[in-house]
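Okay, so here's the structure we're looking at.
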Amino acid sequence: MLPRDFYNKDTVTVARNILGKRIVRKIKGSVMAGIITETEAYRHSDDPASHAFGKQTDRNKVMFGEVGHAYVYFTYGMHYCFNVVARHSNIKAGAVLIRAIEPEKGIKKIQKNRGITNTKNLTNGPAKLTQALGITKEHYGVDLTQDSNLYIEDGIKIKKIYDSPRVGIKKATDKLWNFKINIEKN
DNA sequence: GTGCAGATCCCCT
DNA sequence: GGGGATCTGCACG
């Protein structure tokens with residue numbers, strides 16, 4: 001697993017550094033894993049698009065807690081999104097949204113969870129990958145630096161990172177806090 | 001290939 | 001009571 005201090009840096013820095021790392025998910029003996037290919041940074045008082053922009057609430061409290069834990073939230077009435085709490089210690093809250101992964105292990109299980117068999121659209125979206133890996137609100141607050149049924153470990157080396165505006169938000173669209181890599185050309 | 005409507009729950013005001 | 005860090009299917013052409 002990645003150590004705790006990997007997440008104890010500026011949220012934007014962690015969002016870049018975590019590209020190419022591997023998410024591992026274990027369910028009853030079967031193992032799924034994938035390489036992180038797209039992320040977004042969400043910070044605190046300087047980021048109106050962040051769930052932690054305002055005060056601390058029951059929903060966002062994990063973003064104010066210890067780094068390296070999972071922040072899972074439910075949205076649009078049917079989807080879960082998966083974040084990792086990460087911030088420099090002089091900032092109160094922050095998290096990195098995992099938007100896409102490249103499937104490596106357990107593709108059959110992933111296809112079953114998604115209910116489709118094609119390989120392109122399996123995990124290329126924030127709600128798709130949570131469905132694919134079976135991540136739900138039961139993972140809210142889970143420590144990702146411990147060996148459990150969900151954690152993050154070192155992965156592959158990265159060459160080029162592409163910076164873009166974040167997706168699906170209406171505030172702070174000037175910030176280029178969406179980061180992705182191209183595995184094919186890596 | 002593009003674009004839009006519908007699904008449908010939880011949290012915050 | 002309103003809107004959201006989304007995905008899918010269907011319509012159109």
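All values below were derived from every heavy atom in this structure, side-chain atoms included, with hydrogens, water molecules and symmetry-related copies excluded. Throughout, a chain's letter reflects where its sequence line sits, starting with A, and its residues are numbered from 1.
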Between Arg16(A) and Phe179(A), what is the shortest heavy-atom contact and its length?
NE-CE2, 3.6 Å
With a 4.0 Å cut-off on heavy atoms, is Lys170(A) in touch with a base, just the backbone sugar-phosphate, or nothing at all?
sugar-phosphate
Taking Watson-Crick and G-U wobble pairs with both distances under 3.5 Å, convert DNA chain C into its dot-bracket string, 5' to 3', dots for unpaired and | for cross-strand pairs.
||||.|||||||.
Does Ala127(A) reach a base, just sugar-phosphate, or nothing at all? Heavy atoms under 4.0 Å.
sugar-phosphate
Would you indicate what Asn83(A) reaches in the nucleic acid, counting non-hydrogen atoms under 4.0 angstrom: base, sugar-phosphate, or nothing?
base
Do NZ/NE/NH1/NH2 and the carboxylate oxygens of Lys21(A) and Asp154(A) come within less than 4.0 Å?
yes
Is Arg166(A) touching bases, backbone alone, or none of the nucleic acid, heavy atoms closer than 4.0 Å?
nothing
With heavy atoms of chain A within less than 4.0 Å as the criterion, where does contact along DNA chain C begin and end?
dG4(C) to dT8(C)
On a heavy-atom basis, which atom in Ser148(A) and which in Val142(A) lie closest, and how many Å separate them?
OG-CG1, 4.4 Å
Identify, residue by residue, the members of residues 67-81 of chain A with a heavy atom below 4.0 Å from DNA chain B, and return them in order of residue number, or none.
Phe74(A), Tyr76(A), Gly77(A), Met78(A)
For Tyr42(A) together with His51(A), are the ring centres under 6.0 Å from each other?
no
Would you mind reading off the distance between His51(A) atom NE2 and dC11(B) atom P, rounded to a whole angstrom?
12 Å
Between dA7(B) atom P and Gln131(A) atom CD, what is the distance in whole Å?
18 Å
Min side-chain heavy-atom separation Ile101(A)-Leu133(A) under 4.5 Å:
yes
Could you tell me whether the side chain of Asn83(A) and the main chain of Tyr71(A) form a donor-acceptor pair under 3.5 Å?
yes
Has the side chain of Ser50(A) got a donor or acceptor atom that lies under 3.5 Å from a matching backbone atom of His44(A)?
no
Euclidean distance, atom CD of residue Gln56(A) to atom C1' of dT13(B) [Å, nearest integer]
18 Å
Please report the closest heavy-atom contact between Ala86(A) and Val96(A), naming both atoms and the distance.
CB-CG2, 4.2 Å
Are Val31(A) and Tyr151(A) co-members of a hydrophobic cluster defined by side-chain heavy atoms under 4.5 Å apart?
yes
Phe82(A) ring center near Tyr80(A) ring center (under 6.0 Å)
no
Answer yes when Lys180(A) and Asp163(A) have at least one side-chain N-carboxylate O distance shorter than 4.0 Å, and no when they do not.
no
